[in-house]
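These notes are about the structure you will find just below.
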There are 2 protein chains.
Amino acid sequence: MNEQRPIRAKSGANHEGTSAHNRRVIIDALRVNGALSRADLARATGLTKQAVSNLVETLENEGLIASEELVRKGRGQPSTPYRLVADGAYSIGLQIDRHVSRAIVVDLVGNILARATAEVPPRAPEEGIGVLLDLLADVRRDFAMNRPEAEARIAGIGVAMPGPFGVEIADDSLWLMQAWQSFPLVDRLAAGTGLAVSLQNDAAACATAERMVGAAHGLDHAVCIYVGYGIGAGLILGGELYSGAKGNAGEIGMVLFGQPENLVPLEHRASIASLYAMLDIEPADPQQFDKLERLVLEDDRRVGEWIERAGHDLRLAVHTAETLFDPQTVILSSGVPGSLMPRLIAAIEPLRPSLVPTAGRSVPRLRLGMTDPWAVAIGAAADPIRRAFDPSFSAILKRQGE
Amino acid sequence: MNEQRPIRAKSGANHEGTSAHNRRVIIDALRVNGALSRADLARATGLTKQAVSNLVETLENEGLIASEELVRKGRGQPSTPYRLVADGAYSIGLQIDRHVSRAIVVDLVGNILARATAEVPPRAPEEGIGVLLDLLADVRRDFAMNRPEAEARIAGIGVAMPGPFGVEIADDSLWLMQAWQSFPLVDRLAAGTGLAVSLQNDAAACATAERMVGAAHGLDHAVCIYVGYGIGAGLILGGELYSGAKGNAGEIGMVLFGQPENLVPLEHRASIASLYAMLDIEPADPQQFDKLERLVLEDDRRVGEWIERAGHDLRLAVHTAETLFDPQTVILSSGVPGSLMPRLIAAIEPLRPSLVPTAGRSVPRLRLGMTDPWAVAIGAAADPIRRAFDPSFSAILKRQGE
DNA sequence: TTATTAAGTCAAATTGCTTGACTTATTCGT
DNA sequence: ACGAATAAGTCAAGCAATTTGACTTAATAA
């Protein structure tokens with residue numbers, strides 16, 4: 001037998017894995033439901049009272065959860081609700097965007113504790129890495145100032161940057177960061193900070209944020225379209241972030257729309273880059289959002305045109321996403337604050353009829369998510385927390401690696 | 001506290017779950033790799049030799065796996081490879097299509113042991129259920145004839161029918177089975193046969209078949225486009241069949257293509273229904289495939305037109321699927337045998353550049369899968385086996401339910 | 001005042017993976 | 001031809017973590 005090709009198999013599981021999973025399930029239940037007693041947790045997770053009790057005790061000792069006031073609610077012994085402790089863990093988010101980089105520190109429940117920005121040269125990674133490490137050091141120092149023991153509770157650094165990854169793109173016009181593609185960013189950041197570093201694209205980060213603290217809170221099937229300098233979608237499928245075989249799932253900006261003989265990527269018509277190009281706004285301009293907001297409020301003709309065109313294409317993109325993913329909801333998020341995004345939503349609606357049900361919904365088909373320049377950074381920071389504390393198939397297995 | 005709304009939480013796990021998972025991992029490893037020794041299994045799954053040994057012993061006693069000849073391959077004690085036993089389990093597949101229904105019995109490795117067809121009235125479920133139960137009884141009797149103990153080893157019945165489910169569709173032209181939508185099919189079949197019954201759409205079934213014995217064997221990320229009377233896609237995401245919030249994920253037939261002012265669903269241009277409409281072939285005609293094949297071989301002008309149009313739309317559909325799902329491969333399957341599908345593939349190619357890598361691939365971007373009228377029935381039959389024996393997140397948890 | 005209900009604990013039982021030593025069978029080197 | 005090295009697989013004890021069932025505690029309802 002020429003048994004030379006590697007054997008492919010999924011990982012087995014053991015007790016440690018189950019226990020780790022159960023921990024995560026409890027943390028997740030507390031995040032989704034607020035505060036729950038041990039008995040509540042036992043019922044909700046299907047575990048026995050005793051198993052929950054043991055896990056709750058451990059989590060309490062670790063400072064991840066804490067009990068609240070006794071609650072009397074009918075007959076029987078009063079229950080002791082438990083709640084996540086915000087200071088149970090911290091996480092650092094780093095967004096590397098085309099014209100600015102942002103670092104942020106959040107706690108376990110998503111409160112923002114520190115932030116800072118820096119300008120990173122988009123075409124010179126070797127130089128940029130120094131800037132990034134300084135930025136991270138800044139924000140870390142700022143955060144740790146009056147929290148002496150907090151350093152040990154940092155779950156890691158989540159990095160988000162525009163995708164796709166590992167792809168040669170002919171059209172460099174919107175894509176200024178080719179140079180970063182081949183740079184060992186994760187390794188260098190890990191070496192420079194001593195923390196675990198993970199990388200994802202900006203849309204995935206945004207989806208993570210929406211799931212942790214935003215419009216997708218508690219949902220297991222959601223498509224989060226992120227309108228940034230580019231445009232992409234983060235996918236929550238079956239309760240987990242889905243990133244595809246090569247980490248590029250959801251790159252809706254590269255989906256082609258328009259006349260069959262003249263197909264253009266969505267990114268050319270519905271990204272902020274395309275809007276700024278029409279408006280002659282410089283993407284590196286610190287005043288960009290103010291300038292834009294003024295034009296939006298003035299009902300600038302070019303802004304109206306863009307909204308109409310982008311809305312038209314996005315209406316179809318939402319329909320396509322609904323049809324292919326069958327989500328509970330579609331969320332439209334953006335790094336642009338102010339009134340642009342509400343107008344865009346208005347231009348997208350009414351949605352086309354699709355296979356998702358319209359009656360009896362608990363969440364709308366399309367919803368506005370965050371509209372905040374820091375949305376991606378927040379999502380990036382949410383990623384290490386997700387990895388450390390959210391239930392997932394891979395977390396249960398012996399050999400990890402998503 | 002008005003704690004009235006239900007508590008949402010994921011299910012916990014316990015030892016039984018780990019064990020069940022490890023069983024499935026071993027079965028899966030044997031399916032993907034053919035035959036493996038206990039030591040191989042231990043290395044591949046990350047479990048200890050001992051854990052594997054115990055599981056292998058159990059599986060052997062249950063008749064699901066069996067040892068082969070000793071293999072000497074270098075120093076050390078020779079190894080005993082184990083392999084799946086085809087007769088370890090059986091499964092029944094039932095395809096309910098618009099003009100014919102097919103039942104099939106397969107074994108654990110996908111061999112077909114019996115099959116039969118029947119005509120089911122598409123608009124009269126109450127009458128149709130009798131026909132289906134007779135059909136199932138036929139095929140079951142046929143199969144069990146000379147396998148007296150086999151009845152106990154039937155994992156269940158997998159049913160596949162055209163989707164989407166639970167949707168009111170305005171356009172009834174291609175959709176003749178509205179009446180079945182509100183019919184409690186699964187319950188009635190379960191009651192009438194005494195077996196576990198599961199339901200999925202035909203494209204999902206086809207994807208399941210491709211994964212078990214076809215072009216997606218051993219892959220964890222694949223999109224399987226199924227060209228049947230309608231058209232849909234089955235999604236293998238992260239090693240599992242993905243069906244969305246309401247079971248309708250992958251309904252690519254309803255994705256809109258064409259001129260922006262005249263968008264039409266893919267189904268109108270790339271389904272067999274649309275081809276038959278051009279050719280005046282009656283979908284209920286038993287000779288349909290022969291008639292079609294003759295026209296294809298004659299280079300019939302209308303066939304050429306359809307192939308061109310469908311190929312054009314599918315090229316874009318493949319691009320969209322690649323962009324949104326980032327799969328390892330896209331598979332094109334069909335219920336139509338003969339030379340139509342190879343021609344269609346030829347018309348789709350060359351594929352548009354997309355974000356999936358083109359160089360260094362081990363599988364092509366687009367591949368022809370099954371072209372067999374029985375493909376969906378085989379996939380339907382594969383579903384109970386998948387549920388019973390494939391590793392999945394839900395199988396590890398206390399509370400099941402995909 | 002007492003029965004009922006529910007939360008939570010205690011301690012033993014059980015399941016199933018892990019550990020480390022051991023046996024067995026084969027090839028390689030001298 | 002022989003011993004050393006290597007690898008497969010078994011044995012038996014150890015261990016982690018859930019489960020079980022009885023028990024305690026504390027509240028409300030009748």
Side-chain angles (χ1 to χ4, degrees), chain A residues 1 3 7 10-26 35-62 65 67-82 395-399, chain B residues 1 3 7 10-26 35-62 65 67-82 395-399:
Chain A
M1 315 297 175
E3 190 66 73
I7 298 171
K10 306 216 183 302
S11 167
N14 60 11
H15 299 170
E16 237 177 297
T18 26
S19 175
H21 170 75
N22 290 341
R23 267 175 69 99
R24 286 167 184 252
V25 165
I26 286 177
L36 295 175
S37 69
R38 301 178 187 209
D40 287 336
L41 284 166
R43 277 187 297 268
T45 61
L47 292 168
T48 58
K49 285 187 294 186
Q50 191 53 239
V52 169
S53 241
N54 296 340
L55 291 165
V56 163
E57 194 188 343
T58 318
L59 290 170
E60 191 172 20
N61 288 338
E62 294 175 2
I65 67 176
S67 58
E68 300 191 322
E69 289 283 285
L70 280 189
V71 170
R72 276 163 268 268
K73 53 166 185 261
R75 285 187 180 177
Q77 173 170 328
S79 63
T80 317
Y82 285 81
I396 223 171
L397 306 178
K398 291 187 69 174
R399 273 192 327 235
Chain B
M1 317 293 176
E3 190 66 73
I7 299 171
K10 306 216 183 299
S11 167
N14 60 10
H15 300 169
E16 237 178 298
T18 22
S19 176
H21 170 75
N22 290 341
R23 268 176 67 98
R24 286 167 183 252
V25 165
I26 286 178
L36 295 175
S37 69
R38 301 177 186 209
D40 288 336
L41 284 165
R43 276 188 297 267
T45 61
L47 294 167
T48 59
K49 285 187 295 185
Q50 192 52 238
V52 168
S53 240
N54 297 339
L55 290 164
V56 163
E57 195 186 342
T58 318
L59 291 170
E60 189 172 22
N61 289 338
E62 293 175 3
I65 66 175
S67 59
E68 301 190 324
E69 289 282 287
L70 281 188
V71 170
R72 274 164 269 265
K73 54 165 185 260
R75 282 188 182 176
Q77 175 168 328
S79 63
T80 316
Y82 285 80
I396 221 169
L397 307 177
K398 290 187 71 173
R399 273 192 329 235

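The sequence lines fix the lettering, A, B, ..., with proteins before strands; numbering per chain opens at 1. Quick caveat, the model's predicted, so the values are computed rather than measured. For the numbers below, each heavy atom of this structure counts, side chains included, while hydrogens, waters and symmetry mates do not.
Here B/Ala20 pairs with nothing under the side-chain contact (heavy atoms from CB on, under 4.5 Å) rule; sequence neighbours left out. Partners of A/Arg72 according to the salt bridge (Lys or Arg N to Asp or Glu O under 4.0 Å) rule, which considers only residues two or more places apart in sequence or in another chain, do not exist here. Among residues two or more places apart in sequence or in another chain, the side-chain contact (heavy atoms from CB on, under 4.5 Å) test is passed with B/Glu60 by B/Arg38, B/Ile65, B/Ser67, B/Tyr82. Taking the side-chain hydrogen bond (donor to acceptor under 3.5 Å, both in side chains) definition, one finds that A/Arg23 meets it with A/Glu62, sequence neighbours left out. With sequence neighbours excluded, the residues forming a salt bridge (Lys or Arg N to Asp or Glu O under 4.0 Å) with B/Glu68 are B/Arg83, listed by chain and number. For B/Arg75, there are no salt bridge (Lys or Arg N to Asp or Glu O under 4.0 Å) partners, not counting sequence neighbours. Qualifying side-chain hydrogen bond (donor to acceptor under 3.5 Å, both in side chains) partners for A/Ser19, counting only residues two or more places apart in sequence or in other chains: none.
Comparing B/Asn14 and B/Arg38, the nucleotide of DNA chain D nearest to each residue sits closer to the 5' end for B/Arg38. Positionally, the nearest nucleotide of DNA chain D for B/Ser53 lies more toward the 5' end than for the other of B/Ser53 and B/Lys398.
Regarding contacts with the backbone of D/dA7, every side-chain N or O of B/Ser79 stays at 4.0 angstrom or more from both OP1 and OP2.
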Do nucleotides 20-30 of chain D as a string where each nucleotide becomes B, S or -: B if the base has a protein heavy atom under 4.0 Å, S if just the sugar-phosphate does, - if no protein is that close.
B----BBBBS-
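Atom pair B/Ile396:CD1 and C/dG16:P shows a separation of 13 Å (rounding to whole Å applied). B/Leu47 has its CG atom 11 Å from the C1' atom of C/dT18, to the nearest Å. One can place CG of B/Leu55 at 15 Å from P of C/dT15, the figure rounded to the nearest angstrom. Between A/Glu60 atom CD and C/dG8 atom P the separation is 12 Å, expressed in whole Å.
Applying the side chain to side chain contact (heavy atoms under 4.5 Å, CB included) test between A/Thr45 and each of A/Leu55, A/Asp40, A/Val25, A/Leu36 identifies A/Val25 as the sole match.
For the segment residues 16-25 of chain A, the set of residues with a heavy atom within less than 4.0 Å of an atom of DNA chain D comprises A/Glu16, A/Ser19, A/Asn22, in numerical order.
B/His21 is listed as a side-chain neighbour of A/Leu397, based on a closest heavy-atom distance under 4.5 Å.
One donor-acceptor pair, N or O on each side, does fall under 3.5 Å between the base of D/dA16 and the side chain of A/His15.
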